[in-house]
Visitor: 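Pasting a structure here, questions to come.
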Amino acid sequence: MANSNDNNNEVVTQMDCWYRIYKNGRVERLYDTNNLLTYVPPSLEDPITGVSSKDVTISPHVSARLYLPKNTNNSTQKLPIIVYYHGGALVLGSAFFNAYQRYLNVLVSESNAIAISVEYRLAPEHDVTTIYEDSWTALQWVASHANEKKFTSGNEDPWIKNYGDFSRLSVIGDSAGGNIVYHMAMRAGREGGINEKVAINGSIFVCPYLLVPLENIEQNVSYKNWIVISSPSEAGLHSPMINPLAENAPSLSQLGCSRMLLCFAEKDEYIPKEIGVRFVEGVKKSGWKGDLELIEVEDEGHCFQLANPETEKSQNLIKRFAAFIQLK
């Protein structure tokens, strides 16, 4: 008879170098393989960019790290708003990891924007739909600050309330965060905005965790991961949760944002660049009425700008993002 120690130590799923799932349901995330994936506290003033950051609780299950650029001296200066969703295959990552702290400091400084980097619950302990609900909760919380009254609840944040320009709210995500951005834009389209006062102006998808039928896609670790973390009814490319071009997916004409910027990397080992081409074709065929731009970065891999934000290609990409964020 197997004892509890056997169940604790028996691995039933090993997903590449990402995580292990044990027979008793325990999930071990293999963060020790990457020194960019460790917790760091917020900073009153980043020594390089001058950006300030702090952590806030949005709901019992959702929190965020907020970023404010340097030289915000009066509340008449309204700044674009970034709602950022981190990557990690919907299983890994945190808004509080050093890779995102460093990257958001640079992005906020370059775009002169406020950022809300969302900490959502993760699969497989939680259903993927829970991740989308957490992400929508955060987005609605940000939009709630557009109320004209000075303060309407104890859960409001003065940085967003005093400095946020709600006509320039962008949702941005890398990898799994790009999947979340897609679902946030679709929900905003269905519901006529985030709330009655605020809509999504721009959406930026960076190497988004979306999959479509391609040759040998079943051998890709991103596909294998989706099979593990999705519910049985969604486990495959027929699911519009992972495939926005699926037969039963809602029309892309419903995307609830005015502008989209998609970025794919030529040598992405997880999300083939062909997916970006297919997605753009699908959006154009749908009759969506916004502005759409596709960027392909040569000779780079998955979410390269996170690991090395100081390289020339990363800096150029961040400048493109910043210009997009600034526009109304």
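The analysis underlying the following values was restricted to heavy atoms, covering all of them including side chains, and did not include hydrogens, waters or symmetry mates.
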Visitor: Are Ser314 and Gln305 close enough that a side-chain donor and a side-chain acceptor fall under 3.5 Å?
Guide: no

Visitor: Considering residues, nucleotides and ligands other than Lys285, do more than 12 of their heavy atoms fall under 6.0 Å from its NZ?
Guide: no

Visitor: Would Arg29 pass as a cation-pi partner of Tyr31, given that its NZ or CZ must be under 6.0 Å from the six-membered ring centre and within 45 degrees of the axis?
Guide: no

Visitor: When rounded to the nearest 0.5 angstrom, what distance separates NZ in Lys273 from CG in Leu214?
Guide: 12.0 Å

Visitor: After noting the C-alpha distance and the side-chain angles of Arg121 and Glu125, does the key distance pass the salt bridge (Lys or Arg N to Asp or Glu O under 4.0 Å) rule?
Guide: CA-CA 8 Å; Arg121 285 174 285 183; Glu125 296 94 331; over 6 Å; no

Visitor: Side chains of Ser144 and Glu156: any donor to acceptor distance under 3.5 Å?
Guide: no

Visitor: Measure across Gly287 and Ser253 and return the closest heavy-atom pair with its distance rounded to 0.1 Å.
Guide: C-CB, 4.4 Å

Visitor: Please say which of Phe205, Tyr100, Tyr85 ends up in a side-chain contact (heavy atoms from CB on, under 4.5 Å) with Asp174.
Guide: Tyr100

Visitor: Please determine if Arg259 forms a cation-pi arrangement with Phe324, meaning its NZ or CZ atom is less than 6.0 Å from the six-membered ring centre and no more than 45° off the ring axis.
Guide: yes

Visitor: Are Phe166 and Trp136 in one and the same hydrophobic cluster, where Ile, Leu, Val, Met, Phe, Trp and Tyr link if side-chain heavy atoms are under 4.5 Å apart?
Guide: yes

Visitor: Which pair of heavy atoms, one from Leu90 and one from Ala176, lies closest together, and at what distance?
Guide: N-CB, 3.3 Å

Visitor: Does a donor on one side chain and an acceptor on the other come within less than 3.5 Å for Gln77 and Tyr163?
Guide: no

Visitor: Testing the 3.5 Å rule here: is there a donor-acceptor pair between the side chains of His86 and Ser94?
Guide: no

Visitor: Could you tell me which non-hydrogen atom of Ser203 sits nearest to which non-hydrogen atom of Val181, and how far apart they are?
Guide: CB-CG1, 3.8 Å

Visitor: Between Gln326 and Ser111, is there a side-chain donor-acceptor contact under 3.5 Å, judged purely by atom types and distance?
Guide: no

Visitor: Would you say that Ser63 contacts Asp55 through its side chain, given a criterion of any heavy-atom pair below 4.5 Å between the two side chains?
Guide: no

Visitor: Looking only at side chains, do Glu133 and Tyr120 share a donor and an acceptor under 3.5 Å apart?
Guide: no

Visitor: Going by atom types alone, do Gln254 and Arg190 pair a side-chain donor with an acceptor below 3.5 Å?
Guide: no

Visitor: Can you confirm whether the side chains of Asp46 and Thr49 place a donor and an acceptor under 3.5 Å from each other?
Guide: yes

Visitor: Using the rule side-chain contact (heavy atoms from CB on, under 4.5 Å), only one of Asn225, Val27, Leu92 pairs with Met15; which is it?
Guide: Asn225

